[in-house]
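I have placed the structure first, in the form of structure tokens, so that the comments after it can refer back to it.
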Amino acid sequence: AALVLSALSMASAFAPAANKASSTSMDACLSRETILSEPDTTEFGKIWDPLGLAEQGSDETIAWYRHAEIKHGRVAMAAVVGVVVHNNHIVFDGYLSPSSDLKFSDVPTGIDGIR
């Protein structure tokens, strides 16, 4: 009996969890007051906003600013990875431009790559 109970209790660990429906609409964004009340990492209780962008627009505008900041940060991180890969002479096989007979390995590293 103890073996059966033990097996049943372990089986519940693999049962699927109930998923809540998530909303991605602009109605689900945080209000400006909630965002501005969160402590900042540089000065607790204040937000670093030298241009005063948090005071412009609505809650949707603030949500758009936050989304744009995250998106551009991710693009910048991918660009840094590309620079590190290229400057370590890791090249891809094939042609960058078959019509110009330009291979990936023909592009020089560093600043010479844009000249």
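Note that this is a predicted model, so its numbers are computed, not measured. FYI, the numbering just counts along the sequence from 1.
- In this structure, L102 and Y95 have side chains that are not in contact, with every pair of non-hydrogen atoms separated by 4.5 Å or more.
- With sequence neighbours excluded, the residues that form a side chain to side chain contact (heavy atoms under 4.5 Å, CB included) with S99 are S97.
- Once rounded to the nearest 0.5 Å, the distance linking OG of S105 with CG of L96 reads 10.0 Å.
- The distance from the NE2 atom of H72 to the CE atom of M77 is 12.5 Å, given to the nearest 0.5 Å.
- Side-chain atoms of F104 and D93, non-hydrogen and from C-beta on, never get closer than 4.5 Å to each other.
- If you chain together ILVMFWY residues whose side-chain heavy atoms come under 4.5 Å of each other, V83 ends up in a group of its own.
- A distance of 10.5 Å separates CD of E69 from CG of L53, quoted to the nearest 0.5 Å.
- Without hydrogens or angle criteria, N87 side chain to V84 main chain gives no donor-acceptor distance under 3.5 Å.
- To the nearest 0.5 Å, the span separating OH on Y65 from CD1 on I70 amounts to 15.5 Å.
- Side-chain atoms of I62 and Q56, non-hydrogen and from C-beta on, never get closer than 4.5 Å to each other.
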